[in-house]
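Read the structure below first, then the notes.
Numbers here simply count residues along the sequence, with the first being 1. Just so you know, these numbers come straight off a predicted model, no measurement behind them.
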Amino acid sequence: MKTKTAIMIDSSIIRQIPKLNSPLFKQIIKYIHIGRFCLYISEIIEQEYLTWIQKEAQEAYNTVVKASESLNKFYDEPEIFGIKMHLNITADVAGNHINEILKKISSNWKNFKEQTDAIILPIGNDHGKLVMNAYFDGSAPFKTKKNRSDIPDAFIYCSLLDLLHEHEKVIFISQDKEFCNRIKNDNIIVFNNLTELFNCDEYKLTDAYFNELPDERKREYLFKYYKDEIIKKTKRQIELSDLISDIEYEYRANTIGNYRNEYSSAEFIEFNYNKVNNLSPNIYLIPFSAKVKYTISSEATNNDLENYSKERLKNLTEKSINDNGLYDVSEEIEYSVFGNVSVKFAETNPLLWEEQEVKDSLFKELEITEITVTIENIEKNA
């Protein structure tokens with residue numbers, strides 16, 4: 001079994017797929033889950049990526065402001081007491097929308113780091129001196145002496161050299177071919193894109209990879225390799241279970257004010273891999289626990305709100321007055337569930353399983369049909 005290989009992905013690669021959800025990025029996550037790779041992110045690369053997003057957002061906002069203000073020539077701006085009121089509602093709406101998008105991007109980046117167990121490498125205490133020495137000498141990774149544009153890359157190079165104290169080799173993936181050519185050697189392996197990495201015989205999994213594993217290890221690695229798909233299917237099973245419907249009915253009967261709508265979302269699903277039972281070849285029973293977040297929206301009067309305790313009202317995530325003079329209320333309740341799911345894997349080669357649209361499914365999204373998840377029992381914690 002191969003040991004973990006250190007890998008670092010440059011911002012030039014990450015910027016290509018800002019949502020970090022391409023098949024190749026998903027492949028990286030799978031390889032990390034089974035211990036094939038260990039992902040490191042230089043602090044410089046993270047800042048380059050986040051700064052690029054901020055710059056893109058600012059440019060988009062500036063474009064909206066410029067375009068909307070150009071329409072002012074077609075009408076007179078309103079005046080109050082002779083003072084022109086410069087209003088740009090379009091820009092205000094765009095600004096709020098962009099801010100919400102930035103929050104989602106930040107959350108997405110955080111989730112990616114959690115999914116990959118990424119290790120952030122801060123600038124080392126000795127990096128400044130090493131970079132300045134190379135800057136004046138014109139040594140790697142600088143193109144020439146005193147080339148300021150290479151300074152960020154030089155700090156990334158320092159992080160790669162630090163990794164070689166812990167790893168025999170480190171993989172660096174970047175579209176900056178000049179930078180890659182200046183730093184590559186027998187220990188720093190460079191690729192210009194993820195496709196090159198997964199086409200390399202030394203690092204890609206062979207077709208026989210899972211079949212060559214002992215039965216217990218094969219089961220363990222199948223669960224780890226397809227962890228995200230299994231969790232997604234389990235989440236759906238939980239949310240559609242009769243238990244969740246019964247709990248929703250109980251809460252609905254005690255709605256604050258007049259009921260409007262509700263939804264439940266299963267979160268933080270965890271499996272107990274130490275208690276997996278093999279029901280038959282390729283079918284496993286595995287215990288799970290999860291948090292369910294239940295949200296119910298309603299319209300309430302002030303008297304409705306006064307009828308409930310302060311503890312109950314702490315669950316409110318929204319309380320605003322609408323055009324009818326009533327309160328729009330959203331209440332959020334979290335509880336735990338546990339149980340068992342059976343997971344069935346197809347007998348075909350797992351490396352060939354791909355996401356595809358399920359025509360008979362209520363949900364119009366891609367999923368891997370070679371993995372089936374069924375809840376065998378589910379209970380709510382007391």
Side-chain angles (χ1 to χ4, degrees), residues 17 19-37 39 107-108 110-118 194 198 204-207 209-211 213 215-241 244 264-292 337-376 378:
I17 313 291
K19 293 181 181 179
L20 309 175
N21 63 348
S22 74
L24 291 175
F25 270 96
K26 291 179 180 179
Q27 192 82 333
I28 282 285
I29 293 172
K30 285 177 166 53
Y31 274 51
I32 290 171
H33 284 173
I34 62 172
R36 196 74 161 182
F37 294 141
L39 180 65
S107 175
N108 193 39
K110 179 182 176 183
N111 290 338
F112 176 73
K113 291 191 291 184
E114 290 176 351
Q115 278 185 306
T116 56
D117 293 322
L194 291 172
F198 289 117
K204 72 178 181 181
L205 300 180
T206 65
D207 288 345
Y209 176 78
F210 284 100
N211 289 332
L213 295 171
D215 287 343
E216 287 190 7
R217 186 60 64 85
K218 178 181 179 181
R219 177 192 72 197
E220 175 190 351
Y221 275 40
L222 273 173
F223 273 109
K224 288 181 177 179
Y225 194 78
Y226 286 108
K227 175 183 175 182
D228 293 338
E229 286 80 2
I230 294 172
I231 286 179
K232 184 170 73 172
K233 287 172 176 280
T234 304
K235 169 183 166 71
R236 183 184 302 167
Q237 288 281 321
I238 292 171
E239 292 170 354
L240 295 177
S241 69
I244 302 303
S264 292
S265 176
E267 311 287 346
F268 307 110
I269 298 170
E270 294 184 357
F271 298 111
N272 188 342
Y273 295 107
N274 295 323
K275 293 186 177 181
V276 177
N277 289 319
N278 194 179
L279 299 179
S280 63
N282 298 318
I283 301 179
Y284 306 94
L285 186 70
I286 181 167
F288 75 89
S289 62
K291 298 285 187 184
V292 177
V337 297
F338 65 96
N340 293 275
V341 295
S342 58
V343 180
K344 179 181 179 181
F345 298 109
E347 296 181 4
T348 53
N349 183 358
L351 292 177
L352 300 179
W353 299 348
E354 295 182 356
E355 289 185 323
Q356 51 193 298
E357 186 172 329
V358 183
K359 296 180 180 179
D360 296 333
S361 173
L362 176 65
F363 300 88
K364 300 299 181 182
E365 60 180 336
L366 298 176
E367 66 174 35
I368 293 176
T369 57
E370 288 83 358
I371 302 174
T372 305
V373 174
T374 305
I375 285 189
E376 299 298 335
I378 180 172

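When all heavy atoms are compared, the tightest approach of Asn272 to Ile286 is O-CG1, 3.9 Å. Summarising the geometry of Tyr209 relative to Ile34, their closest heavy-atom pair is OH-CD1, 3.8 Å, with the distance given to 0.1 Å.
For Phe268, the ring pair (Phe, Tyr, Trp, His ring centres under 6.0 Å) test picks out no residue, with sequence neighbours left out.
Expressed to the nearest 0.5 Å, how far CG of Asn282 lies from CD1 of Ile371 amounts to 11.5 Å. Here OG1 of Thr374 is found 12.5 Å from CG of Asn340. Values are rounded to the nearest 0.5 Å. Between the CD1 atom in Ile28 and the OG1 atom in Thr116 there is a gap of 9.5 Å [rounded to 0.5 Å]. Atoms CZ and CG, on Arg36 and Leu205 in that order, are 4.5 Å from each other to the nearest 0.5 Å. Here the CG atom belonging to Leu279 is positioned 10.0 Å from the OH atom belonging to Tyr284, to the nearest 0.5 angstrom. Here the straight-line distance linking atom CD of Gln115 with atom NE2 of His33 works out to 6.0 Å at 0.5 Å rounding.
A donor-acceptor contact shorter than 3.5 Å is absent between the side chain of Lys224 and the backbone of Gly35.
Ion pairing of Glu239 with Lys235 is present here, as a side-chain N (NZ or NE/NH1/NH2) and a carboxylate O approach within less than 4.0 Å.
Other residues, nucleotides and ligands contribute over 12 non-hydrogen atoms within 6.0 Å of the NZ atom of Lys232. The 12-atom threshold is exceeded at CD of Glu114, counting heavy atoms of other residues, nucleotides or ligands nearer than 6.0 Å. Annotation: Glu270, atom CD; neighbour count of heavy atoms from other residues, nucleotides and ligands within 6.0 Å does not exceed 12. Annotation: Lys113, atom NZ; neighbour count of heavy atoms from other residues, nucleotides and ligands within 6.0 Å is above 12. More than 12 heavy atoms of other residues, nucleotides or ligands sit less than 6.0 Å from atom CG of Asn21.
With contacts defined as side-chain heavy-atom distances shorter than 4.5 Å, the pair Leu285/Glu376 qualifies. Looking only at side-chain heavy atoms (C-beta outward), Val341 and Ile230 stay at 4.5 Å or farther from each other. Residues Glu370 and Phe345 fail the side-chain proximity criterion, which asks for heavy atoms closer than 4.5 Å.
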Show every donor-acceptor pair shorter than 3.5 Å between a side-chain atom in residues 349-356 and any protein atom, with sequence neighbours excluded, or say none if there are none.
unit_1, atom_1, unit_2, atom_2, d
Asn349, OD1, Leu351, N, 3.1
Asn349, ND2, Asp207, O, 3.2
Trp353, NE1, Thr348, OG1, 2.9
Trp353, NE1, Asn349, O, 3.3
Glu355, OE1, Lys26, NZ, 3.2
Gln356, NE2, Thr369, OG1, 3.3

**OP:** Please lay out, stage by stage, how Val343 and Tyr226 fare under the test side-chain contact (heavy atoms from CB on, under 4.5 Å).
**Re:** CA-CA 11 Å; Val343 180; Tyr226 286 108; over 6 Å; no

**OP:** Just do the side-chain contact (heavy atoms from CB on, under 4.5 Å) check on Phe223 and Tyr273 with the steps written out, would you?
**Re:** CA-CA 9 Å; Phe223 273 109; Tyr273 295 107; 3.7 Å; yes

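Checked against the 6.0 Å centroid criterion, the rings of Tyr31 and Phe198 qualify as a close aromatic pair.
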